[in-house]
Amino acid sequence: MRSMTKRSLKARGSRLKATAFASSLQPPASSRGRLIITIDGPAGVGKSTVAKLLAQRLRLMYLDTGATYRALAFAASQRERLNPVTDAKQIAALGRRLPLRLLPLAEGGLQVLLDGEDITRQIRTEEVTEAAAQISQHPEVREAMVALQRRLANHHGVVVEGRDTGSVVFPKADHKFFLNADSDVRAKRRQRELKRLYGSRPPLKQVREQIHFRDGLDRTRRVGPLVKPAGAVAIDTTHRTAPQVVRAMLTHIRPT
Ligand code: DC
């Protein structure tokens with residue numbers, strides 16, 4: 001030990017840290033005994049609509065992992081006034097003790113409660129959307145969120161949607177789907193969603209740029225990037241309605 005230089009000790013320390021981080025991201029040993037279905041894909045492919053429908057159809061729990069990043073982004077940027085780009089450590093610490101509850105709504109969506117306060121609408125604003133995209137870049141934040149998502153999915157069966165649910169959160173899921181769609185169609189869907197949420201429709205060019213920016217962050221990050229998970233069934237939703245996508249999924253889940 002005495003012969004170790006400062007540099008080698010430092011290298012050993014960061015190796016240990018990397019190992020600790022990798023092991024904390026290890027998936028649960030098996031999903032046996034409960035049905036886990038993952039749906040991943042970029043923004044605007046219709047993941048949420050499809051995941052809610054599928055969960056209703058199969059009477060499973062619905063878990064929107066994007067909502068966990070959004071809730072943390074809201075808590076960090078609006079409540080704690082942390083910087084989403086530079087305050088990774090503090091945001092991860094906040095994520096580890098986030099008093100978050102997701103309650104199923106009758107129409108299939110989720111009510112998002114932070115320390116008992118309903119923040120369902122606040123987490124969909126443009127500011128929170130951007131902060132969520134930024135905080136989700138930090139490995140230590142992802143580690144905290146993956147642990148939270150696994151705890152929230154503690155149910156006899158679950159449909160989970162996000163960016164890394166089939167690759168990192170539940171790599172042993174029973175069924176994995178990866179959705180994609182033409183970028184113009186995705187931008188139009190997002191524009192319609194914003195109109196539904198806030199009553200105003202931002203210009204398509206602006207929505208397209210925001211989606212392009214988020215796609216870049218999602219696909220290039222070091223930990224938990226957006227990828228088609230091994231063993232996932234790819235479905236292009238460009239010319240399909242949500243019920244058609246669900247029907248296509250059901251043919252894989254319950255082959256006749
Ligand atoms: O799906 P969404 O737009 O609600 O996701 C919000 C942000 O969270 C988005 O910028 C990507 C990030 N996210 C992630 O990194 N991993 C997930 N599993 C889900 C969402």
Side-chain angles (χ1 to χ4, degrees), residues 9-26 40 42-43 63-102 110-153 160-165 167-169 190 194 197-198 202 206-207 209-227:
L9 271 175
K10 206 167 155 205
R12 187 164 170 263
S14 60
R15 257 200 318 277
L16 283 176
K17 243 202 247 156
T19 317
F21 173 62
S23 67
S24 66
L25 275 188
Q26 287 305 303
D40 291 297
L63 176 60
D64 169 9
T65 59
T68 66
Y69 286 96
R70 286 173 180 272
L72 178 59
F74 174 82
S77 62
Q78 316 280 310
R79 290 272 170 82
E80 305 293 325
R81 300 282 158 201
L82 293 171
N83 183 319
V85 178
T86 55
D87 292 336
K89 258 199 190 133
Q90 294 96 312
I91 297 173
L94 188 62
R96 284 193 286 274
R97 54 182 164 78
L98 197 68
L100 179 70
R101 287 174 69 205
L102 302 177
L110 293 173
Q111 185 182 32
V112 183
L113 298 176
L114 183 66
D115 217 358
E117 186 192 333
D118 186 349
I119 57 162
T120 311
R121 278 175 65 82
Q122 281 112 300
I123 64 166
R124 303 283 157 193
T125 63
E126 284 309 301
E127 290 102 303
V128 175
T129 299
E130 194 175 330
Q134 286 159 339
I135 64 154
S136 61
Q137 297 307 297
H138 305 303
E140 54 273 69
V141 169
R142 301 199 70 81
E143 182 185 5
M145 289 297 94
V146 168
L148 173 65
Q149 291 153 14
R150 288 182 186 150
R151 282 200 304 276
L152 290 171
V160 200
E161 57 119 332
R163 305 292 192 287
D164 61 346
T165 65
S167 55
V168 176
V169 189
R190 175 76 185 138
L194 290 170
L197 284 170
Y198 302 109
Q206 183 187 323
V207 180
E209 279 167 9
Q210 282 163 349
I211 282 197
H212 184 71
F213 171 72
R214 286 213 282 154
D215 276 359
L217 291 180
D218 280 338
R219 289 185 202 275
T220 57
R221 68 176 155 251
R222 214 162 26 90
V223 174
L226 172 67
V227 288

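One is the number of the first residue; the rest follow in order along the sequence.
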Enter the distance from S77:OG to I91:CD1 here, rounded to the nearest 0.5 Å.
-> 8.0 Å

Residues two or more places apart in sequence or in another chain: which of them pass salt bridge (Lys or Arg N to Asp or Glu O under 4.0 Å) with E209?
-> K205

Mark yes or no for whether D87, through its side chain, and Q90, through its backbone, hold a donor-acceptor pair below 3.5 Å.
-> no

Would you say the side-chain atoms of T129 and R124 include a donor-acceptor pair closer than 3.5 Å?
-> no

State, to 0.1 Å, how close L194 and P202 come at their nearest heavy-atom pair, and which atoms those are.
-> CD1-CG, 3.6 Å

Looking at A75 and L98, what are the two nearest heavy atoms and their distance?
-> CB-CD1, 4.0 Å

Quick one: pull up CG in L217 and NE2 in H212 and give me the separation to the nearest 0.5 Å.
-> 10.5 Å

Nearest atoms (heavy-atom pairs only) where A144 meets R96 | CB-CG, 3.8 Å

Between V141 and A88, what is the shortest heavy-atom contact and its length?
-> CG2-O, 3.8 Å

Pair D164-R142, salt bridge (charged side-chain N to carboxylate O under 4.0 Å, His left out): steps then yes or no | CA-CA 10 Å; D164 61 346; R142 301 199 70 81; 3.0 Å; yes

Which heavy atom in A43 sits nearest to a heavy atom in D215, and how many Å separate them?
-> N-OD1, 4.3 Å

Beyond-backbone contact of M145 with R150, side-chain heavy atoms, under 4.5 angstrom | no

Would Y69 and Q134 count as a side chain to side chain contact (heavy atoms under 4.5 Å, CB included) if you check the C-alpha gap in whole Å, the side-chain angles of each, and the deciding distance to 0.1 Å?
-> CA-CA 10 Å; Y69 286 96; Q134 286 159 339; over 6 Å; no

Partner residues of Q111 under the side chain to side chain donor-acceptor pair (under 3.5 Å) criterion, sequence neighbours left out | D118

Would a distance-only check, ignoring hydrogens and angles, find a side-chain to backbone donor-acceptor pair under 3.5 Å from T165 to D40?
-> no

Donor-acceptor pair, R221 side chain versus G224 backbone, under 3.5 Å?
-> yes

Can you find a heavy atom in the side chain of V112 that is under 4.5 Å from one in the side chain of F74?
-> no

Student check: side-chain heavy atoms of L152 and T68 closer than 4.5 Å | yes

Nearest 0.5 Å please: distance from the CD atom of E127 over to the CD atom of Q122.
-> 11.0 Å

Any donor-acceptor N/O pair, R121 side chain to L197 backbone, under 3.5 Å | yes

Work out which heavy atom in R81 is nearest to a heavy atom in Q78; give both atom names and the distance.
-> NH2-O, 3.4 Å

Can you name the side chain to side chain donor-acceptor pair (under 3.5 Å) partners of Q210, sequence neighbours left out?
-> E126

May I ask you to decide if L113's main-chain N or O and R101's side chain share a donor-acceptor pair within less than 3.5 Å?
-> no

When rounded to the nearest 0.5 Å, the distance separating CD of Q137 from OG1 of T220 is 6.5 Å

From CD (E161) to CG (L63), nearest 0.5 Å = 8.0 Å

For R219 and P225, indicate whether the former's side chain and the latter's backbone hold a donor-acceptor pair under 3.5 Å.
-> no

To the nearest 0.5 Å, what is the distance between CG (L114) and CD1 (I119)?
-> 4.5 Å

Kindly indicate, with the supporting measurements, whether the criterion salt bridge (charged side-chain N to carboxylate O under 4.0 Å, His left out) is fulfilled by D218 and R163.
-> CA-CA 8 Å; D218 280 338; R163 305 292 192 287; 2.9 Å; yes

